[in-house]
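Notes for the one structure printed next.
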Amino acid sequence: MMRMSEPVGSGPTEIECRRIADLLGEYLEGSLPKRLRELIDWHIESCGPCVAFVNTYRGTIEAAR
């Protein structure tokens, strides 16, 4: 199970690991608004558990194809 981190930053730009997990399908499809995608990109760059989760999710998609 992915460890949930504390919110990154403060104010309306913060995003949590749980939120990324909820949006991952849309993120990988490229269907999220640009600003939200940028926030996720920024978070993933500094969050090891999210990097691992994204890579596993991508691997699962590729294996299913």
Side-chain angles (χ1 to χ4, degrees):
M1 182 174 184
M2 182 174 61
R3 186 179 128 265
M4 298 298 140
S5 73
E6 294 297 316
V8 176
S10 61
T13 60
E14 69 186 35
I15 190 160
E16 298 177 13
C17 297
R18 181 180 306 274
R19 183 77 171 127
I20 289 171
D22 291 343
L23 295 170
L24 196 53
E26 294 167 272
Y27 171 79
L28 294 175
E29 290 172 355
S31 62
L32 292 176
K34 181 181 178 188
R35 181 67 183 137
L36 186 52
R37 183 171 180 82
E38 289 172 349
L39 286 172
I40 292 172
D41 288 340
W42 181 81
H43 177 93
I44 289 172
E45 287 178 12
S46 62
C47 183
C50 283
V51 169
F53 187 72
V54 169
N55 289 337
T56 299
Y57 196 97
R58 283 182 175 137
T60 301
I61 291 170
E62 288 300 316
R65 288 184 183 163

**Request:** With sequence neighbours excluded, give me every side-chain hydrogen bond (donor to acceptor under 3.5 Å, both in side chains) pair touching residues 47-60.
**Result:** none
**Item:** Which residues share a salt bridge (charged side-chain N to carboxylate O under 4.0 Å, His left out) with E62, sequence neighbours left out
**Value:** R65
**Message:** Quick check for you: to the nearest 0.5 Å, what is the distance between E45 atom CD and C50 atom SG?
**Reply:** 12.5 Å
**Request:** Output all residues satisfying salt bridge (charged side-chain N to carboxylate O under 4.0 Å, His left out) with E38, sequence neighbours left out; order by chain, then residue number.
**Result:** K34, R35
Please tabulate, for the side chains in residues 19-33, all donor-acceptor contacts under 3.5 angstrom to protein atoms that are two or more places apart in sequence or on a different chain.
{"unit_1": "Y27", "atom_1": "OH", "unit_2": "D41", "atom_2": "OD1", "d": "2.3"}
{"unit_1": "S31", "atom_1": "OG", "unit_2": "E26", "atom_2": "O", "d": "3.4"}

**Asked** Under a 4.5 Å cut-off applied to non-hydrogen side-chain atoms, are C17 and P49 in contact?
**Response** no
